[in-house]
Number of protein chains: 2
Amino acid sequence: MRHICLIMDTKRPTAREAIIAAAFEVLSRNPGAKLSDIAERAGVGRATLHRYFASRDDLIQALAMTAVEEMDEAAEVAMKDARSYSEALKAIVSAFIPLGDRYSFLMREPLEESTALAEEFERQAEETRQLIEKTKKEGLFDPAVPTDWLVQAFDHLLYAGWESVRTGQTTPRQAADLAWRTLTHGLKA
Amino acid sequence: MRHICLIMDTKRPTAREAIIAAAFEVLSRNPGAKLSDIAERAGVGRATLHRYFASRDDLIQALAMTAVEEMDEAAEVAMKDARSYSEALKAIVSAFIPLGDRYSFLMREPLEESTALAEEFERQAEETRQLIEKTKKEGLFDPAVPTDWLVQAFDHLLYAGWESVRTGQTTPRQAADLAWRTLTHGLKA
DNA sequence: CCATAATGAGACATATATGTCTCATTTGAG
DNA sequence: CTCAAATGAGACATATATGTCTCATTATGG
(Lines give C-alpha, C1' and ligand atoms only; values in the text may rest on other atoms or scores of the structure.)
Protein backbone atom coordinates (compact mmCIF):
# COMPACT_ATOMS: atom_id res chain seq x y z
CA MET A 1 0.00 0.00 0.00
CA ARG A 2 2.58 2.46 1.05
CA HIS A 3 4.54 2.26 -2.18
CA ILE A 4 1.40 3.13 -4.11
CA CYS A 5 0.90 6.17 -1.97
CA LEU A 6 4.45 7.22 -2.61
CA ILE A 7 3.93 6.96 -6.33
CA MET A 8 0.81 9.06 -6.07
CA ASP A 9 2.70 11.66 -4.12
CA THR A 10 5.19 12.07 -6.91
CA LYS A 11 2.82 12.09 -9.84
CA ARG A 12 -0.18 14.20 -8.96
CA PRO A 13 -1.09 16.27 -11.97
CA THR A 14 -4.06 17.87 -10.31
CA ALA A 15 -5.14 19.44 -7.06
CA ARG A 16 -2.16 20.92 -5.27
CA GLU A 17 -0.16 21.60 -8.40
CA ALA A 18 -3.15 23.02 -10.21
CA ILE A 19 -3.82 25.35 -7.32
CA ILE A 20 -0.24 26.56 -7.22
CA ALA A 21 -0.20 27.13 -10.95
CA ALA A 22 -3.50 29.00 -10.79
CA ALA A 23 -2.27 31.08 -7.88
CA PHE A 24 0.76 32.19 -9.86
CA GLU A 25 -1.42 33.15 -12.79
CA VAL A 26 -4.05 34.99 -10.80
CA LEU A 27 -1.82 36.71 -8.26
CA SER A 28 0.65 37.94 -10.84
CA ARG A 29 -2.19 39.84 -12.46
CA ASN A 30 -3.89 40.87 -9.25
CA PRO A 31 -1.80 40.55 -6.07
CA GLY A 32 -4.88 41.11 -3.92
CA ALA A 33 -7.01 38.44 -5.56
CA LYS A 34 -9.33 36.40 -3.40
CA LEU A 35 -8.74 32.73 -2.67
CA SER A 36 -12.04 31.98 -4.38
CA ASP A 37 -10.64 33.46 -7.59
CA ILE A 38 -7.64 31.20 -7.34
CA ALA A 39 -9.75 28.15 -6.59
CA GLU A 40 -11.99 28.91 -9.53
CA ARG A 41 -9.04 29.33 -11.85
CA ALA A 42 -7.63 26.05 -10.63
CA GLY A 43 -10.94 24.35 -11.29
CA VAL A 44 -11.40 23.24 -7.70
CA GLY A 45 -13.72 24.21 -4.89
CA ARG A 46 -12.70 26.73 -2.30
CA ALA A 47 -12.89 24.05 0.36
CA THR A 48 -10.41 21.89 -1.52
CA LEU A 49 -7.99 24.75 -1.68
CA HIS A 50 -8.21 25.03 2.09
CA ARG A 51 -7.60 21.30 2.40
CA TYR A 52 -4.23 21.75 0.71
CA PHE A 53 -3.38 25.14 2.12
CA ALA A 54 -4.73 25.92 5.55
CA SER A 55 -4.53 29.67 5.11
CA ARG A 56 -3.68 32.34 2.60
CA ASP A 57 -0.27 32.70 4.16
CA ASP A 58 0.27 29.00 3.75
CA LEU A 59 -0.44 29.28 0.05
CA ILE A 60 1.79 32.32 -0.42
CA GLN A 61 4.53 30.54 1.41
CA ALA A 62 4.16 27.49 -0.82
CA LEU A 63 4.35 29.76 -3.85
CA ALA A 64 7.51 31.36 -2.57
CA MET A 65 9.00 27.97 -1.89
CA THR A 66 8.08 26.83 -5.39
CA ALA A 67 9.69 29.95 -6.81
CA VAL A 68 12.88 29.30 -4.90
CA GLU A 69 13.00 25.73 -6.14
CA GLU A 70 12.35 26.71 -9.73
CA MET A 71 15.00 29.37 -9.58
CA ASP A 72 17.44 26.88 -8.14
CA GLU A 73 16.68 24.55 -10.99
CA ALA A 74 16.92 27.28 -13.61
CA ALA A 75 20.23 28.41 -12.16
CA GLU A 76 21.61 24.89 -12.14
CA VAL A 77 20.64 24.30 -15.76
CA ALA A 78 22.02 27.65 -16.80
CA MET A 79 25.34 26.98 -15.12
CA LYS A 80 25.67 23.46 -16.51
CA ASP A 81 27.87 24.21 -19.48
CA ALA A 82 29.41 27.44 -18.32
CA ARG A 83 33.18 27.49 -18.66
CA SER A 84 33.73 30.05 -15.95
CA TYR A 85 31.92 31.60 -13.03
CA SER A 86 31.50 34.77 -15.05
CA GLU A 87 29.79 32.88 -17.84
CA ALA A 88 27.64 31.17 -15.26
CA LEU A 89 26.50 34.45 -13.75
CA LYS A 90 25.63 35.81 -17.16
CA ALA A 91 23.70 32.65 -17.98
CA ILE A 92 21.77 33.02 -14.76
CA VAL A 93 20.65 36.48 -15.71
CA SER A 94 19.29 35.15 -18.98
CA ALA A 95 17.63 32.27 -17.22
CA PHE A 96 15.96 34.41 -14.57
CA ILE A 97 14.54 37.11 -16.78
CA PRO A 98 11.70 34.96 -18.14
CA LEU A 99 10.62 34.05 -14.62
CA GLY A 100 9.76 37.58 -13.68
CA ASP A 101 6.17 37.73 -14.77
CA ARG A 102 5.36 34.80 -12.51
CA TYR A 103 7.32 35.79 -9.44
CA SER A 104 7.37 39.54 -9.27
CA PHE A 105 4.20 39.72 -7.17
CA LEU A 106 6.03 37.89 -4.40
CA MET A 107 8.12 40.98 -3.83
CA ARG A 108 4.98 42.76 -2.64
CA GLU A 109 4.04 40.07 -0.18
CA PRO A 110 5.02 40.52 3.44
CA LEU A 111 6.68 37.10 3.61
CA GLU A 112 9.44 36.51 6.13
CA GLU A 113 9.33 34.90 9.57
CA SER A 114 8.70 31.36 8.34
CA THR A 115 11.85 29.50 9.25
CA ALA A 116 11.89 27.03 6.38
CA LEU A 117 11.32 29.67 3.74
CA ALA A 118 13.59 32.23 5.31
CA GLU A 119 16.36 29.65 5.31
CA GLU A 120 15.89 29.02 1.62
CA PHE A 121 16.02 32.71 0.88
CA GLU A 122 19.12 33.07 2.93
CA ARG A 123 20.76 30.12 1.26
CA GLN A 124 19.96 31.38 -2.21
CA ALA A 125 21.20 34.86 -1.39
CA GLU A 126 24.38 33.38 -0.01
CA GLU A 127 24.90 31.31 -3.14
CA THR A 128 24.52 34.40 -5.29
CA ARG A 129 26.96 36.17 -3.05
CA GLN A 130 29.55 33.46 -3.33
CA LEU A 131 29.17 33.14 -7.06
CA ILE A 132 29.74 36.86 -7.37
CA GLU A 133 32.80 36.59 -5.15
CA LYS A 134 34.18 34.00 -7.54
CA THR A 135 33.53 36.16 -10.59
CA LYS A 136 35.41 38.88 -8.77
CA LYS A 137 38.41 36.60 -8.49
CA GLU A 138 38.13 35.91 -12.19
CA GLY A 139 38.52 39.61 -12.73
CA LEU A 140 34.94 40.30 -13.84
CA PHE A 141 34.28 42.93 -11.22
CA ASP A 142 36.33 45.54 -9.46
CA PRO A 143 37.45 44.02 -6.14
CA ALA A 144 37.01 47.46 -4.59
CA VAL A 145 33.26 47.32 -5.12
CA PRO A 146 31.53 45.80 -2.08
CA THR A 147 30.01 42.42 -2.83
CA ASP A 148 26.87 43.57 -1.02
CA TRP A 149 26.39 46.24 -3.63
CA LEU A 150 27.03 43.79 -6.44
CA VAL A 151 24.27 41.61 -5.08
CA GLN A 152 21.90 44.57 -4.77
CA ALA A 153 22.69 45.76 -8.28
CA PHE A 154 22.36 42.23 -9.63
CA ASP A 155 18.95 41.76 -8.05
CA HIS A 156 17.56 45.14 -8.96
CA LEU A 157 18.78 45.08 -12.54
CA LEU A 158 17.01 41.75 -12.78
CA TYR A 159 13.84 43.44 -11.57
CA ALA A 160 14.44 46.19 -14.09
CA GLY A 161 14.62 43.50 -16.75
CA TRP A 162 11.38 41.97 -15.55
CA GLU A 163 9.64 45.31 -15.67
CA SER A 164 11.09 46.05 -19.06
CA VAL A 165 9.74 42.80 -20.44
CA ARG A 166 6.41 43.14 -18.66
CA THR A 167 5.71 46.53 -20.18
CA GLY A 168 6.69 45.30 -23.60
CA GLN A 169 9.69 47.57 -23.91
CA THR A 170 12.04 44.70 -24.65
CA THR A 171 12.17 41.00 -25.32
CA PRO A 172 13.52 38.75 -22.58
CA ARG A 173 16.72 38.34 -24.54
CA GLN A 174 17.21 42.08 -24.93
CA ALA A 175 16.45 42.66 -21.27
CA ALA A 176 19.03 40.08 -20.25
CA ASP A 177 21.66 41.69 -22.46
CA LEU A 178 20.90 45.17 -21.20
CA ALA A 179 20.91 44.11 -17.56
CA TRP A 180 24.21 42.31 -18.02
CA ARG A 181 25.77 45.20 -19.87
CA THR A 182 24.62 47.65 -17.22
CA LEU A 183 26.02 45.53 -14.45
CA THR A 184 29.40 44.97 -16.06
CA HIS A 185 30.17 47.90 -18.34
CA GLY A 186 27.46 50.44 -17.61
CA LEU A 187 25.65 52.39 -20.26
CA LYS A 188 28.18 55.08 -21.11
CA ALA A 189 28.89 55.91 -24.72
CA MET B 1 -12.09 86.97 5.98
CA ARG B 2 -11.00 85.12 2.96
CA HIS B 3 -7.43 86.28 3.16
CA ILE B 4 -7.22 84.97 6.69
CA CYS B 5 -8.41 81.61 5.56
CA LEU B 6 -5.82 81.60 2.85
CA ILE B 7 -3.11 82.32 5.36
CA MET B 8 -4.30 79.49 7.54
CA ASP B 9 -4.25 77.13 4.62
CA THR B 10 -0.60 77.88 4.05
CA LYS B 11 0.60 77.76 7.62
CA ARG B 12 -0.99 74.83 9.38
CA PRO B 13 1.62 73.13 11.48
CA THR B 14 -0.74 70.56 12.88
CA ALA B 15 -3.51 68.21 11.85
CA ARG B 16 -3.17 67.36 8.17
CA GLU B 17 0.57 67.73 8.04
CA ALA B 18 1.05 65.85 11.29
CA ILE B 19 -1.05 63.01 9.96
CA ILE B 20 0.91 62.82 6.73
CA ALA B 21 4.20 62.87 8.58
CA ALA B 22 3.00 60.17 10.95
CA ALA B 23 1.72 58.08 8.08
CA PHE B 24 5.13 58.15 6.40
CA GLU B 25 6.79 57.09 9.62
CA VAL B 26 4.37 54.33 10.48
CA LEU B 27 3.80 52.92 7.01
CA SER B 28 7.46 52.83 6.11
CA ARG B 29 7.98 50.49 9.06
CA ASN B 30 4.78 48.55 8.62
CA PRO B 31 3.01 48.95 5.25
CA GLY B 32 -0.09 47.23 6.60
CA ALA B 33 -0.45 49.43 9.66
CA LYS B 34 -3.95 50.40 10.76
CA LEU B 35 -5.26 53.93 10.47
CA SER B 36 -5.61 54.00 14.24
CA ASP B 37 -1.86 53.46 14.54
CA ILE B 38 -1.25 56.40 12.26
CA ALA B 39 -3.72 58.61 14.10
CA GLU B 40 -2.12 57.72 17.41
CA ARG B 41 1.35 58.48 16.10
CA ALA B 42 0.09 61.80 14.79
CA GLY B 43 -1.41 62.59 18.17
CA VAL B 44 -4.92 62.96 16.83
CA GLY B 45 -8.10 60.96 17.13
CA ARG B 46 -9.11 58.46 14.53
CA ALA B 47 -12.15 60.56 13.70
CA THR B 48 -9.99 63.57 12.97
CA LEU B 49 -7.90 61.54 10.57
CA HIS B 50 -11.09 60.65 8.73
CA ARG B 51 -12.07 64.30 8.62
CA TYR B 52 -8.95 65.07 6.64
CA PHE B 53 -8.80 61.87 4.64
CA ALA B 54 -12.09 60.23 3.84
CA SER B 55 -10.61 56.79 3.30
CA ARG B 56 -7.38 54.87 3.52
CA ASP B 57 -6.93 55.24 -0.21
CA ASP B 58 -7.35 58.96 0.15
CA LEU B 59 -4.54 59.06 2.63
CA ILE B 60 -2.23 56.88 0.56
CA GLN B 61 -2.95 59.05 -2.43
CA ALA B 62 -2.09 62.16 -0.46
CA LEU B 63 1.15 60.53 0.63
CA ALA B 64 2.03 59.69 -2.94
CA MET B 65 1.24 63.22 -4.00
CA THR B 66 3.41 64.57 -1.22
CA ALA B 67 6.22 62.28 -2.28
CA VAL B 68 5.96 63.48 -5.86
CA GLU B 69 6.09 67.10 -4.75
CA GLU B 70 9.03 66.52 -2.46
CA MET B 71 10.92 64.70 -5.17
CA ASP B 72 10.20 67.53 -7.59
CA GLU B 73 11.57 69.96 -5.08
CA ALA B 74 14.62 67.82 -4.32
CA ALA B 75 15.30 67.46 -8.02
CA GLU B 76 14.98 71.17 -8.63
CA VAL B 77 17.36 72.01 -5.81
CA ALA B 78 19.81 69.37 -6.95
CA MET B 79 19.81 70.67 -10.51
CA LYS B 80 20.17 74.32 -9.50
CA ASP B 81 23.89 74.66 -9.89
CA ALA B 82 24.53 71.85 -12.30
CA ARG B 83 26.64 72.89 -15.27
CA SER B 84 25.32 70.19 -17.55
CA TYR B 85 22.45 67.77 -17.83
CA SER B 86 24.81 64.98 -16.93
CA GLU B 87 25.80 66.72 -13.74
CA ALA B 88 22.16 67.36 -13.02
CA LEU B 89 21.27 63.69 -13.38
CA LYS B 90 24.07 62.70 -11.07
CA ALA B 91 22.97 65.29 -8.53
CA ILE B 92 19.45 63.92 -8.67
CA VAL B 93 20.67 60.46 -7.77
CA SER B 94 22.39 61.86 -4.70
CA ALA B 95 19.33 63.86 -3.80
CA PHE B 96 16.92 60.97 -4.13
CA ILE B 97 18.84 58.35 -2.21
CA PRO B 98 18.03 59.83 1.23
CA LEU B 99 14.32 59.86 0.41
CA GLY B 100 14.10 56.11 0.09
CA ASP B 101 13.32 55.15 3.63
CA ARG B 102 10.24 57.34 3.58
CA TYR B 103 8.88 56.49 0.17
CA SER B 104 9.80 52.92 -0.56
CA PHE B 105 6.58 51.56 0.95
CA LEU B 106 4.63 53.37 -1.76
CA MET B 107 6.00 50.92 -4.29
CA ARG B 108 4.00 48.18 -2.56
CA GLU B 109 0.74 50.09 -2.65
CA PRO B 110 -1.69 49.39 -5.45
CA LEU B 111 -1.97 53.07 -6.38
CA GLU B 112 -2.92 54.02 -9.92
CA GLU B 113 -6.29 54.97 -11.38
CA SER B 114 -6.53 58.34 -9.66
CA THR B 115 -6.30 60.84 -12.49
CA ALA B 116 -4.55 63.62 -10.62
CA LEU B 117 -1.90 61.37 -9.17
CA ALA B 118 -1.44 59.30 -12.31
CA GLU B 119 -0.81 62.52 -14.21
CA GLU B 120 1.89 63.56 -11.77
CA PHE B 121 3.57 60.19 -12.07
CA GLU B 122 3.43 60.38 -15.80
CA ARG B 123 4.80 63.90 -15.83
CA GLN B 124 7.65 63.02 -13.52
CA ALA B 125 8.51 59.93 -15.52
CA GLU B 126 8.47 61.99 -18.67
CA GLU B 127 10.78 64.59 -17.15
CA THR B 128 13.23 61.89 -16.18
CA ARG B 129 13.01 60.52 -19.68
CA GLN B 130 13.73 63.85 -21.27
CA LEU B 131 16.58 64.62 -18.93
CA ILE B 132 18.13 61.30 -19.82
CA GLU B 133 17.66 62.05 -23.50
CA LYS B 134 19.61 65.27 -23.00
CA THR B 135 22.43 63.51 -21.19
CA LYS B 136 22.55 61.16 -24.12
CA LYS B 137 23.12 64.10 -26.44
CA GLU B 138 25.89 65.26 -24.13
CA GLY B 139 27.53 61.93 -24.74
CA LEU B 140 26.96 60.49 -21.30
CA PHE B 141 25.18 57.39 -22.53
CA ASP B 142 25.41 55.21 -25.59
CA PRO B 143 22.75 56.43 -28.03
CA ALA B 144 22.18 52.81 -29.01
CA VAL B 145 20.81 52.00 -25.57
CA PRO B 146 17.03 52.50 -25.49
CA THR B 147 15.99 55.39 -23.30
CA ASP B 148 13.31 53.16 -21.81
CA TRP B 149 16.00 50.90 -20.46
CA LEU B 150 17.97 53.83 -19.14
CA VAL B 151 14.92 54.93 -17.19
CA GLN B 152 14.36 51.42 -15.83
CA ALA B 153 17.99 51.07 -14.84
CA PHE B 154 17.99 54.53 -13.29
CA ASP B 155 14.91 53.79 -11.20
CA HIS B 156 15.95 50.35 -10.08
CA LEU B 157 19.50 51.31 -9.22
CA LEU B 158 17.94 54.00 -7.09
CA TYR B 159 15.88 51.34 -5.35
CA ALA B 160 19.05 49.29 -4.95
CA GLY B 161 20.60 52.29 -3.28
CA TRP B 162 17.63 52.68 -0.97
CA GLU B 163 17.85 49.05 0.03
CA SER B 164 21.56 49.27 0.49
CA VAL B 165 21.17 52.21 2.86
CA ARG B 166 18.20 50.69 4.64
CA THR B 167 20.07 47.52 5.48
CA GLY B 168 23.05 49.49 6.67
CA GLN B 169 25.38 48.21 3.97
CA THR B 170 26.31 51.69 2.84
CA THR B 171 25.91 55.34 3.68
CA PRO B 172 23.65 57.42 1.45
CA ARG B 173 26.71 58.99 -0.13
CA GLN B 174 28.29 55.64 -0.91
CA ALA B 175 25.03 54.31 -2.29
CA ALA B 176 24.69 57.30 -4.59
CA ASP B 177 28.23 56.85 -5.87
CA LEU B 178 27.76 53.15 -6.43
CA ALA B 179 24.45 53.58 -8.20
CA TRP B 180 25.91 56.26 -10.44
CA ARG B 181 28.98 54.24 -11.22
CA THR B 182 26.91 51.20 -12.03
CA LEU B 183 24.67 53.16 -14.34
CA THR B 184 27.48 54.85 -16.23
CA HIS B 185 30.54 52.64 -16.11
CA GLY B 186 29.35 49.38 -14.62
CA LEU B 187 31.25 47.45 -12.02
CA LYS B 188 33.90 45.72 -14.10
CA ALA B 189 37.47 45.69 -12.90
C1' DC C 1 -16.24 86.85 27.05
C1' DC C 2 -18.74 84.73 23.24
C1' DA C 3 -19.61 81.91 19.44
C1' DT C 4 -18.09 79.03 16.04
C1' DA C 5 -15.26 75.53 14.52
C1' DA C 6 -12.27 71.74 15.50
C1' DT C 7 -11.37 67.86 18.19
C1' DG C 8 -11.37 63.40 20.99
C1' DA C 9 -13.58 59.51 22.65
C1' DG C 10 -16.23 55.98 21.60
C1' DA C 11 -20.40 53.64 20.12
C1' DC C 12 -22.23 51.78 15.95
C1' DA C 13 -22.92 49.76 11.44
C1' DT C 14 -20.69 47.69 7.47
C1' DA C 15 -18.26 45.09 4.45
C1' DT C 16 -15.66 41.36 3.08
C1' DA C 17 -12.29 37.92 2.95
C1' DT C 18 -11.20 34.13 5.64
C1' DG C 19 -11.55 29.79 7.74
C1' DT C 20 -14.70 25.89 9.39
C1' DC C 21 -18.01 22.51 8.89
C1' DT C 22 -21.55 19.43 6.85
C1' DC C 23 -23.30 16.47 3.47
C1' DA C 24 -24.28 14.67 -0.90
C1' DT C 25 -21.65 13.23 -4.92
C1' DT C 26 -17.87 11.58 -7.44
C1' DT C 27 -13.68 9.17 -8.07
C1' DG C 28 -10.61 5.42 -7.97
C1' DA C 29 -8.51 1.34 -6.17
C1' DG C 30 -9.18 -3.53 -5.24
C1' DC D 1 -19.27 -3.91 -7.86
C1' DT D 2 -17.96 -1.95 -3.35
C1' DC D 3 -16.10 1.02 -0.25
C1' DA D 4 -13.14 4.51 1.30
C1' DA D 5 -11.09 8.78 0.16
C1' DA D 6 -11.48 13.05 -2.20
C1' DT D 7 -14.28 16.59 -3.78
C1' DG D 8 -17.79 20.41 -4.58
C1' DA D 9 -21.30 23.28 -3.09
C1' DG D 10 -22.67 26.08 0.19
C1' DA D 11 -24.09 27.38 4.79
C1' DC D 12 -22.02 29.26 8.84
C1' DA D 13 -19.16 31.66 12.14
C1' DT D 14 -15.38 34.87 12.72
C1' DA D 15 -12.40 38.48 12.73
C1' DT D 16 -11.04 42.93 11.89
C1' DA D 17 -10.23 47.19 9.68
C1' DT D 18 -13.00 50.63 7.94
C1' DG D 19 -16.11 54.33 7.76
C1' DT D 20 -20.08 56.94 10.08
C1' DC D 21 -22.19 59.31 13.62
C1' DT D 22 -23.02 61.59 18.13
C1' DC D 23 -21.84 64.38 21.88
C1' DA D 24 -19.15 66.56 25.25
C1' DT D 25 -14.89 69.27 25.40
C1' DT D 26 -11.49 72.31 23.87
C1' DA D 27 -9.38 75.84 21.16
C1' DT D 28 -9.61 80.04 18.70
C1' DG D 29 -10.72 84.18 16.54
C1' DG D 30 -13.20 88.48 17.17
Side-chain angles (χ1 to χ4, degrees), chain A residues 1-23 25-64 105 108-111 113-114, chain B residues 1-23 25-64 105 108-111 113-114:
Chain A
M1 300 303 173
R2 182 186 292 171
H3 68 285
I4 291 180
C5 294
L6 285 176
I7 288 172
M8 293 200 51
D9 279 352
T10 8
K11 54 180 323 192
R12 181 171 291 186
T14 29
R16 188 184 161 91
E17 283 180 11
I19 293 170
I20 286 188
E25 292 173 24
V26 173
L27 291 177
S28 56
R29 296 194 181 280
N30 173 20
K34 298 179 288 188
L35 296 185
S36 53
D37 295 334
I38 296 172
E40 186 180 19
R41 177 61 166 259
V44 304
R46 200 166 64 92
T48 299
L49 188 151
H50 276 289
R51 285 185 188 106
Y52 286 92
F53 305 98
S55 69
R56 178 181 244 272
D57 282 344
D58 259 41
L59 175 58
I60 300 289
Q61 188 173 327
L63 296 178
F105 78 91
R108 312 208 166 208
E109 291 292 332
L111 303 164
E113 76 214 56
S114 128
Chain B
M1 298 305 173
R2 182 184 294 171
H3 69 284
I4 292 180
C5 293
L6 286 175
I7 290 172
M8 292 201 52
D9 278 353
T10 8
K11 54 183 315 192
R12 181 170 291 186
T14 30
R16 189 184 161 91
E17 284 180 11
I19 293 169
I20 287 188
E25 292 173 24
V26 172
L27 292 177
S28 55
R29 296 193 181 282
N30 173 19
K34 299 179 287 189
L35 295 186
S36 53
D37 295 333
I38 296 171
E40 186 180 17
R41 177 59 167 261
V44 304
R46 200 166 64 91
T48 298
L49 188 151
H50 276 289
R51 285 186 188 104
Y52 285 90
F53 306 98
S55 68
R56 179 180 243 273
D57 282 344
D58 260 41
L59 175 58
I60 301 289
Q61 187 173 326
L63 295 178
F105 77 92
R108 311 209 166 206
E109 291 292 333
L111 303 164
E113 76 212 56
S114 128

For the [atom1] atom of [X] and the [atom2] atom of [Y], what is their distance to the nearest 0.5 Å?
X	Y	atom1	atom2	answer
B/F53	B/D58	CZ	CG	8.0 Å
A/R46	A/I38	CZ	CD1	12.0 Å
B/R51	B/R16	CZ	CZ	15.5 Å
A/L49	A/R56	CG	CZ	10.0 Å

Is there a donor on the side chain of B/R51 or the base of C/dG8 sitting less than 3.5 Å from an acceptor on the other?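 Counting by modelled atom types and ignoring angles, a donor-acceptor contact under 3.5 Å is found here.
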
A/R46 (side chain) and D/dG8 (base): donor-acceptor pair under 3.5 Å: no

Could you tell me how far apart [X] ([atom1]) and [N] ([atom2]) are, to the nearest whole angstrom?
X	N	atom1	atom2	answer
A/D57	C/dG19	CG	C1'	12 Å
B/L49	C/dG10	CG	P	17 Å
A/L35	C/dA17	CG	P	10 Å
A/D37	C/dA17	CG	C1'	11 Å
A/I19	D/dT7	CD1	C1'	11 Å
B/R56	D/dT18	CZ	P	5 Å
A/L59	C/dT18	CG	P	10 Å
B/K34	D/dG19	NZ	P	14 Å

Under 4.0 angstrom, heavy atoms only, what part of the nucleic acid is B/G32 near: base, sugar-phosphate, or nothing?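 If one applies the 4.0 Å heavy-atom cut-off, B/G32 turns out to touch nothing in the nucleic acid.
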
Taking five pairs at each end of the helix from C/dC1-D/dG30 to C/dG30-D/dC1, what angle separates the two helix axes (nearest 10°)? 30°

With DNA chain C as reference, determine whether A/A47 or A/S36 sits nearer its 5' end, using the nearest nucleotide of each. A/S36

Begin with the C-alpha distance, continue with both residues' side-chain angles, and end with the deciding distance and a verdict on side-chain contact (heavy atoms from CB on, under 4.5 Å) for A/Y52 and A/I20. CA-CA 10 Å; A/Y52 286 92; A/I20 286 188; over 6 Å; no

How far apart are the closest heavy atoms of A/A42 and A/A18, and which atoms are they? CB-O, 3.7 Å

Checking contacts here: which listed nucleotide (D/dT7, D/dT18, C/dT7) is nearest the side-chain heavy atoms of A/A15?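 Looking only at heavy atoms from C-beta outward on A/A15, the closest nucleotide is D/dT7.
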
In this structure, are over 12 heavy atoms from other groups packed under 6.0 Å from A/E40 atom CD?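 For A/E40, atom CD is not crowded (no more than 12 foreign heavy atoms under 6.0 Å).
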
B/Y52 side chain near C/dA6 phosphate (N/O to OP1/OP2, under 4.0 Å):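 No.
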
For D/dG8, does OP1 or OP2 lie under 4.0 Å from any side-chain N or O of A/T48?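 Yes, because at least one side-chain N or O of A/T48 sits under 4.0 Å from OP1 or OP2 of D/dG8.
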
